[in-house]
Amino acid sequence: MKKLPRSFYLRPTLQVARDLLGKHLVRVYKGKKLIGRIVETEAYCENDAASHAFRGRTNRNDVMFSKGGHLYVYFTYGMHFCANVVTREEGTGEAVLIRAIEPLEGIGLMMRNRFQSQARPTATSLAALHPPTNLTNGPAKLCQALRLHREQNGTDLLDGEIYILDAPYFPTAGVGTSRRTGIVKAKEKKWRFFVKGNRWVSR
DNA sequence: TGGACGATCCCCT
DNA sequence: GGGGATCGTCCAT
C-alpha cells in the first residue's frame, strides 16, 4: 500500500472526509507502527460556524490554513487532544476530524498508551486479540492510543512518521452520514461520515 | 485582566 | 442520561 498523494488532500473537504473512510492511519511510535483503519470522520469547511477557522486565522488554528495533507492537533476541554487532516490549498481553513479508528496493528502498544495510568488486570497479549471498544472509538481516545499531542500539530503526512496509506476497503453495510457530534452551531449539516455497522464508530 | 466556553471522556445513577 | 474534571483560547472590558 502507498501513501495517499498530496492531491488526495487538496480536493473538496467533504470528498476527502468521505474518502478517508477505510484508509489506514499510521503512527510510528518508538520505532513501531501503530495502525488503525479510519471508520468515522467529520468535515469542517469554510464559512462553517462550527469550525475553529470560522473567525479567521489565529495562533491556535494556524495549521488549518496550511496546505492539505498536514495534521492539525488541538487541545480541548482542558485535557483532551483531537486530530484533523488539513484539506485544500494553503490559505484555506478547512479540515477533517478523525473521530474513530479500528485498531489493526500495534494494539498492545496502543493499550499501554491509553491505559498506562490505570491498573489493568487483563493480560496485554490477550487484550490485543480482543481490544476493548473504548480503545479508539472517539477522537480524543484515538489520540491517546496513538500518542498524538501538541508536538504532532503541523506534521506533514507526506513526510514523516505519521501518514495515511491508501487501502482498498468496501464496507459491506455501506457508508452512513449524519449531523456532527458535540456541536451546537451549524448542527443541521450532515457532515459526519462513518462505516455502517462498524464496532469502533462512536456513540 | 477576567470570564465564558469548548469538534470530550468517564463515572455515577 | 447527566454532571464534573480541567485549562488554553479568544474576546470583551
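Sequence lines set the chain letters: A, B, ... in the order given, protein chains first and strands last, and positions in each chain run from 1. The figures that follow rest on heavy atoms only: side chains count, while hydrogens, waters and symmetry mates do not.
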Rounding to an integer number of Å, can you tell me how far [X] [atom1] sits from [N] [atom2]?
{"X": "A:Asn134", "N": "B:dT8", "atom1": "CG", "atom2": "C1'", "answer": "13 Å"}
{"X": "A:Met64", "N": "C:dC10", "atom1": "CE", "atom2": "P", "answer": "13 Å"}
{"X": "A:Tyr44", "N": "B:dG6", "atom1": "OH", "atom2": "P", "answer": "12 Å"}
{"X": "A:Met79", "N": "C:dT9", "atom1": "CE", "atom2": "C1'", "answer": "16 Å"}
{"X": "A:Phe54", "N": "B:dG6", "atom1": "CZ", "atom2": "P", "answer": "14 Å"}
{"X": "A:Arg60", "N": "C:dT9", "atom1": "CZ", "atom2": "C1'", "answer": "6 Å"}
{"X": "A:Arg203", "N": "B:dA7", "atom1": "CZ", "atom2": "P", "answer": "15 Å"}
{"X": "A:Asp62", "N": "C:dT9", "atom1": "CG", "atom2": "P", "answer": "12 Å"}

Keeping [X] on the side-chain end and [Y] on the backbone end, is there a donor-acceptor pair under 3.5 Å?
{"X": "A:Thr41", "Y": "A:Val96", "value": "no"}
{"X": "A:Gln152", "Y": "A:Leu71", "value": "no"}
{"X": "A:Arg18", "Y": "A:Gln15", "value": "no"}
{"X": "A:Asn137", "Y": "A:Trp200", "value": "no"}

Check every strand shown and say whether [X] touches a base, only sugar-phosphate, or nothing at a heavy-atom separation below 4.0 Å.
{"X": "A:Leu97", "answer": "base"}
{"X": "A:Tyr77", "answer": "base"}
{"X": "A:Ala140", "answer": "sugar-phosphate"}

Under-3.5 Å donor-acceptor pair between A:Tyr74 side chain and B:dA7 base: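 Answer is yes: a donor-acceptor pair is held.
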Dot-bracket notation for DNA chain C, counting Watson-Crick and G-U pairs under 3.5 Å, with | for partners on another strand: |||||.||||||.
Looking at [X], I'd like to know whether one of its side-chain N or O atoms comes within less than 4.0 Å of OP1 or OP2 on [N].
{"X": "A:Thr58", "N": "C:dC10", "result": "yes"}
{"X": "A:Arg99", "N": "B:dT8", "result": "yes"}
{"X": "A:Arg114", "N": "B:dC10", "result": "yes"}
{"X": "A:His52", "N": "B:dA7", "result": "yes"}
{"X": "A:Lys141", "N": "B:dC10", "result": "yes"}

Lys/Arg-Asp/Glu bridge criterion (N-O < 4.0 Å) met for A:Arg6, A:Asp159: no
A:Arg192 and A:Glu40 ion-paired at < 4.0 Å: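 Yes, A:Arg192 and A:Glu40 are salt-bridged.
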Side chain to side chain donor-acceptor pair (under 3.5 Å) contacts touching residues 77-92 of chain A (sequence neighbours left out):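 Only A:Thr13-A:Thr87, A:Arg88-A:Glu94 qualify under side chain to side chain donor-acceptor pair (under 3.5 Å).
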Closest heavy-atom pair and its distance - A:Met1, A:His24: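 Scanning both residues completely, I find the closest heavy atoms to be CE-ND1, 3.6 Å.
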Nearest-nucleotide 5' precedence on DNA chain B, A:Leu142 against A:Gly78: A:Gly78
Earlier contact from the 5' end, DNA chain C, for A:His80 and A:Arg150: A:His80
